[in-house]
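Okay, so here's the structure we're looking at.
Order of listing sets the numbers, starting from 1, for every ligand and every atom in it. Because the structure is a prediction, the values reported are computed rather than measured.
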Amino acid sequence: MWAVTRYDDVMYVLKNPQLFSSQGFRMATNPPWLGGNPFSESMLTMDPPQHGRLRTLVARAFGASAMARLEPRVRAFARQAVAELPLGQSVDLMPSYALRIPAYVIGDLMGIDPSMHSRLKRWADLITGGVTTVKPDEEDRKQLARDAVKELRQSFGELVERRRSEPGEDLVSDLVRARVEGEALSTDEIIAFMSLLLVGGIETVVNLLAFSLLVLVEHPELLPRLRADRSLIPSFLEEVLRFEPPAQSGPRVTTQDVELGGVRLPKGTPLLVMIGSACHDDAYFPDGDRFDMGRPTPQNLPFGHGVHFCLGAQLARMEGRLALEAMLDRVGRMERGSEPIIWHRTLVVRGMATLPLVLHPA
Ligand code: HEM
């Protein structure tokens, strides 16, 4: 597999899906031992024109008016999650904050019962990182991933059938009602969409929320500035996204012999487009390894580019802003807890499994 690391080369790959196919995702996330993965069948792994037909279907659910409707609910939930955090003692912010908020949002969007929200992140982990980082002899981990696919298919399949008989005002009901060139989507196609939203909407935002806090701990001068001037929050978040892009890379595969960055790649070569690296390319981001809220924003590359540009970019930015505002309302200072941070082992999404911090009242 080739790693594409310079900004210009990353952009070239993302702008040319006819040369660099997103089927690379399928190769990476559906190895033969898994026996199928709904995430690997989603539009993220498709190329034009098949991809575009499906994308127009869901795009409406993420437009400006849908976001405006969602905003008060996300704000209220973020406040509730932050209000329940203990102050003055070490607490793992991953389950209690970084994960809780996006799991609620995606669950709410899809009309999933809140009692199931805690399972969503586990499935999202297992059908992505739980597949791509398994070594050939790790039979236990393979079984965990197979079990997750089975549970997810069953649970989402039941939800789709319920919405077919009793449609409501949620995304799954919209997908049941939707028609692509006159034809309804099959249950498997809807499950694939739901799996994509699960991974796209939870895995990434969890890490945006967590990295926002880690940056604040490592740069203690920033928290009082953000508290004093909330209008700085969007630039802060853009720089967090550039500095620590939650989606570090995307797999692609060449559709023909092609030259890239002076390297000849034969047809069928697997590539990993390193968004994380491109976001630190000094040619575009001078002194890129320095956190600098004053950089021109937004950068957008953390959300990809071209036909697969992130459908949830506005939602992610909104969640990042509302979660941080809720935190700043209640917390005046934060520091690392005594336990070490544990990092996830994944190929695509970089992030923490635990983030122990001590929060002090405002
Ligand atoms: C900080 C948060 C997020 C980051 C960094 C992020 C990043 C990305 C990136 C880099 C891609 C393009 C992948 C590629 O070209 O191979 C993408 C696609 C996508 N994202 Fe996001 N994402 C975030 C949040 C979300 C949210 C909240 C949702 C939805 C609820 C979402 C849904 C999607 C979908 C559906 C796609 C596939 C679009 C397509 O194939 O046309 N993402 N995201």
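- For Pro302, every heavy-atom contact with ligand 1 shorter than 4.0 Å involves the backbone, none the side chain.
- Nearest protein heavy-atom contact of atom 36 (C) of ligand 1 is Leu311 N, 4.1 Å.
- In this structure, atom 29 (C) of ligand 1 lies nearest to the protein heavy atom Phe62 CE2, 3.7 Å.
- For atom 6 (C) of ligand 1, the nearest protein heavy atom (residue, atom name, distance) is Phe303 CD2, 3.7 Å.
- Scanning all protein heavy atoms for the shortest distance to atom 40 (O) of ligand 1 gives His308 ND1, 2.6 Å.
- Within the 4.0 Å heavy-atom cutoff, Val307 counts among the residues contacting ligand 1.
- With hydrogens left out, the protein atom closest to atom 38 (C) of ligand 1 is Arg55 NH1, 3.4 Å, a heavy atom.
- Each of Leu44, Asn37, Leu34 was scored for a side-chain contact (heavy atoms from CB on, under 4.5 Å) with Thr29, with one residue passing: Asn37.
- Among all non-hydrogen protein atoms, the one lying nearest atom 8 (C) of ligand 1 is Cys310 CB, 3.7 Å.
- The proximity of Leu241 to ligand 1, defined as any non-hydrogen pair under 4.0 Å, is limited to the side chain.
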Legend entry - Steps toward side-chain hydrogen bond (donor to acceptor under 3.5 Å, both in side chains) verdict (Asp47, Ser21): CA-CA 6 Å; Asp47 299 318; Ser21 162; 2.6 Å; yes
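- Expressed to the nearest 0.5 Å, how far CG of Leu14 lies from CZ of Phe309 amounts to 11.0 Å.
- Remark: Glu221 CD is packed, more than 12 non-hydrogen atoms of other residues, nucleotides or ligands lying under 6.0 Å away.
- With a 4.0 Å cut-off on non-hydrogen atoms, Val58 does not touch ligand 1 at all.
- A 6.0 Å sphere centred on CZ of Arg330 holds more than 12 heavy atoms belonging to other residues, nucleotides or ligands.
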Inset, instruction - Decide yes or no on side-chain hydrogen bond (donor to acceptor under 3.5 Å, both in side chains) for Gln143 and Glu139, but give the supporting numbers first. - result: CA-CA 6 Å; Gln143 195 52 46; Glu139 286 307 324; over 6 Å; no
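- Neither the backbone nor the side chain of Val105 has any atom closer than 4.0 Å to an atom of ligand 1 (non-hydrogen atoms only).
- Heavy atoms of Ile106 found under 4.0 angstrom from ligand 1 belong exclusively to the side chain.
- Looking at Asp289, Thr5, Asp287 one by one, the single match for side-chain hydrogen bond (donor to acceptor under 3.5 Å, both in side chains) with His280 turns out to be Asp289.
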Inset, instruction - Check step by step if ring-ring contact (aromatic ring centres under 6.0 Å, His included) holds for Phe291 and Phe236. - result: CA-CA 9 Å; Phe291 187 90; Phe236 169 79; 5.7 Å; yes
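- Contact annotation: for Leu44 versus ligand 1, heavy atoms closer than 4.0 Å belong to both the backbone and the side chain.
- Surrounding CZ of Arg6 are at most 12 heavy atoms belonging to other residues, nucleotides or ligands under 6.0 Å away.
- The proximity of His51 to ligand 1, defined as any non-hydrogen pair under 4.0 Å, is limited to the side chain.
- Assignment of Phe25 to the shell around ligand 1 is supported, since a heavy atom sits closer than 4.0 Å.
- Considering only non-hydrogen protein atoms, atom 16 (O) of ligand 1 sits nearest to Arg252 NH1, 2.9 Å.
- Glu183 CD: 12 or fewer foreign heavy atoms inside a 6.0 Å radius.
- Nearest protein heavy-atom neighbour of atom 23 (C) of ligand 1: Thr204 OG1, 3.2 Å.
- At a threshold of 4.5 Å between non-hydrogen side-chain atoms, the residues Asp229 and Arg225 do not count as touching.
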